Protein chains: 2
Amino acid sequence: MANLKYSRQRASIKEYLAGTVEHPTADTVYMHVKEEFPNISLGTVYRNLNLLADIGDAVKITTPDGGDRFDGRTEPHYHVVCCSCGKVEDLEMSSEEIASINNAADSIFDGKVTSHTTLFYGTCKDCLEKEK
Amino acid sequence: MANLKYSRQRASIKEYLAGTVEHPTADTVYMHVKEEFPNISLGTVYRNLNLLADIGDAVKITTPDGGDRFDGRTEPHYHVVCCSCGKVEDLEMSSEEIASINNAADSIFDGKVTSHTTLFYGTCKDCLEKEK
DNA sequence: CTATGTGCAAATCCTTTGCATCAAC
DNA sequence: GTTGATGCAAAGGATTTGCACATAG
């Protein structure tokens, strides 16, 4: 288990994640944090995003297309990817419901199920309106 | 919409997918199909796997680590990734239950939800026994 | 004959890593 | 002063793509 040492860069990344409802890619995080730390490198952003995800201060969302996305909200929750614009939004499903899906899976599976990730696909409100 | 033309290579890929319960990576598919077509290229395997996924004759399983995996079973179903050995197994959850999760999400989301993918994490039977 | 598929290799995208230097403790 | 963090650039792995040739229809 590694000993953590404070770093301004990591603090800034964490703060940015906490203050956005977007679900930015590593590159997007990089561009934003760069405003405060012009010399920060993409490698540092990746290292910190992975570190934050490892210690539970962020969530990595694996998506089929393009790069992974990161989320500062750490309680279990779901996401919807808009198939038209690619935006990722939170889906407010109750934690009870999420837990019950885990339990259902565990009771069916011949082994142990401890967690799951779900990614919904659809169309966001904005894109639905544009289609009209 | 492109016109499909028969190809022995594609048929072989499809046949291999249909006959295995593994959830092979593109590379694994490549190595197997290579036994029948020693000159087949990885590019062709990728092109066909994506094509099969597009027309609904295969499913691409996006995983957080390593490459994506492919599945010849096309009815909606879930998967469990073993955190110890990395194996991917089917989870026999009923299609009603899967559909109800979709509906639940659609009723909550401010937009339209049409489908979802879920990946469960846990430990498979074999690895559970080894731990003892 | 024409359109699609193939094999090959190069290119691309995203992410990780090695290393010298810098900052935290 | 020791250890972890950074910046840079190079390496890495998975996947896609451009192109000339082969093959299905």
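Source: prediction; values computed, not measured.
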List the atom pairs, with distances to 0.1 Å, where a side-chain N or O of residues 55-63 of chain B and a protein N or O form a donor-acceptor pair under 3.5 Å, not counting sequence neighbours.
| unit_1 | atom_1 | unit_2 | atom_2 | d |
| --- | --- | --- | --- | --- |
| Asp57(B) | OD2 | Lys14(B) | NZ | 2.9 |
| Lys60(B) | NZ | Asn50(B) | OD1 | 3.1 |
| Thr63(B) | OG1 | Asp65(B) | O | 3.1 |
| Thr63(B) | OG1 | Gly67(B) | O | 3.2 |

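- When the C1' atom of dA14(D) is taken as reference, atom CD1 of Ile61(B) falls 17 Å away, rounded to whole Å.
- Among pairs with a residue in residues 100-115 of chain B, those fulfilling side-chain hydrogen bond (donor to acceptor under 3.5 Å, both in side chains) read Asn102(B)-His116(B), at least two apart in sequence or across chains.
- Checked against ring pair (Phe, Tyr, Trp, His ring centres under 6.0 Å), His23(A) has the following partners two or more places apart in sequence or in another chain: His79(A).
- Against DNA chain D, the stretch residues 6-17 of chain A makes heavy-atom approaches under 4.0 Å through Ser7(A), Gln9(A), Arg10(A).
- The salt bridge (Lys or Arg N to Asp or Glu O under 4.0 Å) check on Lys5(A) picks up nothing, with sequence neighbours excluded.
- At whole-Å resolution of the value, CG in Asn39(A) and P in dA20(C) are 21 Å apart.
- Looking at the side chain of Asn3(B), the nearest of the listed nucleotides dT4(C), dC8(C), dA5(D) is dT4(C).
- End-to-end axis angle of the helix from dC1(C)-dG25(D) to dC25(C)-dG1(D), using five pairs per end and rounding to 10°, comes to 30°.
- Remark: Arg73(A) engages Glu75(A), Asp90(A), Glu92(A) in a salt bridge (Lys or Arg N to Asp or Glu O under 4.0 Å) (not counting sequence neighbours).
- Screening residues 45-65 of chain B for ring-ring contact (aromatic ring centres under 6.0 Å, His included), with sequence neighbours left out, gives no hits.
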Atom pairs under 3.5 Å, N or O on each side, protein against nucleotides 15-18 of chain D: can you list them with distances?
| unit_1 | atom_1 | unit_2 | atom_2 | d |
| --- | --- | --- | --- | --- |
| dT15(D) | OP1 | Asp68(B) | N | 3.0 |
| dT15(D) | OP2 | Tyr46(B) | OH | 2.3 |
| dT15(D) | O5' | Tyr46(B) | OH | 3.2 |
| dT16(D) | OP2 | Asn50(B) | ND2 | 2.7 |
| dG18(D) | O6 | Arg47(B) | NH1 | 3.3 |

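- In the hydrophobic clustering, Tyr6(B) connects to no other residue, as no ILVMFWY side-chain heavy atoms lie under 4.5 Å from its own.
- Scored by the salt bridge (Lys or Arg N to Asp or Glu O under 4.0 Å) test, Asp27(A) finds no partners at all (sequence neighbours excluded).
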Less than 3.5 Å apart, which donor and acceptor atoms pair up between the side chains of residues 28-35 of chain B and the rest of the protein, not counting sequence neighbours?
| unit_1 | atom_1 | unit_2 | atom_2 | d |
| --- | --- | --- | --- | --- |
| Thr28(B) | OG1 | Thr25(B) | OG1 | 2.9 |
| Tyr30(B) | OH | Lys34(B) | NZ | 2.8 |
| His32(B) | NE2 | Tyr16(B) | OH | 3.4 |

